[in-house]
**Q** 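Submitted below is the structure of interest, expressed as structure tokens.
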Amino acid sequence: QVQLVESGGGLVQAGGSLRLSCAASGLPFRLYKMGWFRQAPGKEREFVTAVSRTGTNSYYADSVKGRFTISRDNAKNTVYLQMISLRPEDTAVYYCAADRSVALQSYEYDYWGQGTQVTVSS
């Protein structure tokens with residue numbers, strides 16, 4: 001069974017940093033692009049970032065560009081989201097996702113994790 005498990009969420013002060021991890025199993029990790037989405041209370045899911053299969057290309061939502069960095073380690077079947085300069089509006093449940101398609105500007109993903117809470121206090 002395919003499983004994506006996020007970790008690293010928590011409470012951080014505005015201006016602080018967090019690094020999220022997503023461990024994937026049950027799929028050929030290197031053949032999947034990986035993405036991060038987030039959902040704030042009362043709002044719909046929002047695309048955050050995605051990284052290509054090899055990790056050589058990435059794409060970011062304007063709201064996080066310059067502050068968040070996505071990376072992957074195919075040897076460890078893990079994708080990361082490094083977040084710096086966090087703002088209260090970054091508060092959300094962050095979800096890891098995997099998809100077989102190539103396009104980074106896409107909301108179609110095959111598999112999803114259960115999410116990890118990120119709370120940024122002011």
**Q** Using side-chain heavy atoms (C-beta onward) and a distance below 4.5 Å, is Ser121 in contact with Leu11?
**A** yes
**Q** Can you name the nearest heavy-atom pair linking Ser85 to Asp90, along with the distance?
**A**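 That closest heavy-atom pairing would be O-OD2, 4.4 Å.
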**Q** Report yes or no: does Glu6 contribute a side-chain atom to a donor-acceptor pair with the main-chain N or O of Thr116 at less than 3.5 Å?
**A** no
**Q** Would you indicate whether the side-chain heavy atoms of Val102 and Ser52 approach each other to under 4.5 Å?
**A** no
**Q** Please check if Tyr60 and Leu20 belong to a single hydrophobic cluster, counting links between Ile, Leu, Val, Met, Phe, Trp and Tyr side chain heavy atoms closer than 4.5 Å.
**A**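 In one cluster with Tyr60: Leu20, yes.
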**Q** Determine whether Leu18 and Val118 make a side-chain contact, defined as any pair of heavy atoms from C-beta on separated by less than 4.5 Å.
**A** yes
**Q** Is the NZ or CZ atom of Lys65 positioned over Tyr59's six-membered ring, under 6.0 angstrom from the centre and within 45° of the axis?
**A** no
**Q** Return the minimal non-hydrogen interatomic distance between Ser63 and Arg67, and the atom names on each side.
**A**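 Of all heavy-atom pairs spanning Ser63 and Arg67, the closest is O-NH2, 2.8 Å.
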**Q** Any non-hydrogen side-chain atom of Leu81 less than 4.5 Å from a side-chain atom of Thr69?
**A** no
**Q** Any donor-acceptor pair under 3.5 Å linking the side-chain atoms of Gln117 with those of Thr119?
**A**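 Yes, Gln117 and Thr119 have a side-chain donor paired with an acceptor closer than 3.5 Å.
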**Q** Grab the two heavy atoms, one from Ala14 and one from Pro88, that are nearest each other, plus how far apart they are.
**A**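 For Ala14 and Pro88, the tightest heavy-atom pair comes out as CB-CD, 4.1 Å.
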**Q** Treat each ILVMFWY residue as a node, draw an edge where side-chain heavy atoms are under 4.5 Å apart, and state whether Phe37 and Met83 are in one component.
**A** no
**Q** First locate atom CG of Leu27, then atom CG of Asp110, and finally report the distance between them rounded to the nearest 0.5 Å.
**A**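 With rounding to 0.5 Å, CG (Leu27) is 9.0 Å from CG (Asp110).
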**Q** Of all the heavy-atom pairs spanning Leu4 and Ala97, show the shortest one and how long it is.
**A** CD1-CA, 3.8 Å
**Q** Give me the atom names and distance for the closest heavy-atom approach of Gln39 to Lys43.
**A**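 Looking at all heavy atoms of both residues, the shortest contact is NE2-O, 3.0 Å.
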**Q** State, with a plain yes or no, whether a side-chain heavy atom of Met34 is found less than 4.5 Å away from one of Phe29.
**A**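 Yes - at least one pair of side-chain heavy atoms lies under 4.5 Å apart.
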**Q** Looking at every heavy atom in both Arg30 and Arg72, which two are closest together, and how far apart are they?
**A** CA-NH2, 4.2 Å
**Q** Is it the case that one hydrophobic cluster holds both Tyr109 and Val93, taking links as side-chain heavy atoms less than 4.5 Å apart, direct or via other members?
**A** yes
**Q** Could you check whether any side-chain heavy atom of Phe68 comes within less than 4.5 Å of a side-chain heavy atom of Thr49, counting everything from C-beta outward?
**A**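 No, their side chains stay 4.5 Å or more apart.
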**Q** Cluster question for you: counting only ILVMFWY and a side-chain heavy-atom cut-off of under 4.5 Å, with indirect links fine, are Val64 and Val79 together?
**A**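 Yes, because Val64 and Val79 connect within a single hydrophobic cluster, where side-chain heavy atoms sit under 4.5 Å apart.
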**Q** Considering only heavy atoms from C-beta outward, does the side chain of Ser101 approach that of Glu108 to under 4.5 Å?
**A** no
**Q** Roughly how far, to the nearest 0.5 Å, is NZ of Lys33 from CD1 of Ile70?
**A**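 Reported to 0.5 Å precision, the distance equals 10.5 Å.
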**Q** Are side-chain heavy atoms of Val48 and Tyr95 found at a separation under 4.5 Å?
**A**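 Val48 vs Tyr95: side chains apart.
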**Q** Measure from NZ or CZ of Arg38 to the centre of the six-membered ring of Tyr94 and say whether it is under 6.0 Å with the direction within 45° of the ring axis.
**A** no
**Q** Can you tell me if Thr78 uses its side chain to pair, donor with acceptor, with the backbone of Lys76 under 3.5 Å?
**A**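 Flag set: sc Thr78 to bb Lys76 pair under 3.5 Å.
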**Q** Hey, any chance Tyr32 and Tyr107 share a hydrophobic cluster, counting ILVMFWY side chains that come within less than 4.5 Å of each other, even indirectly?
**A**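 No; Tyr107 is not reachable from Tyr32 via cluster members.
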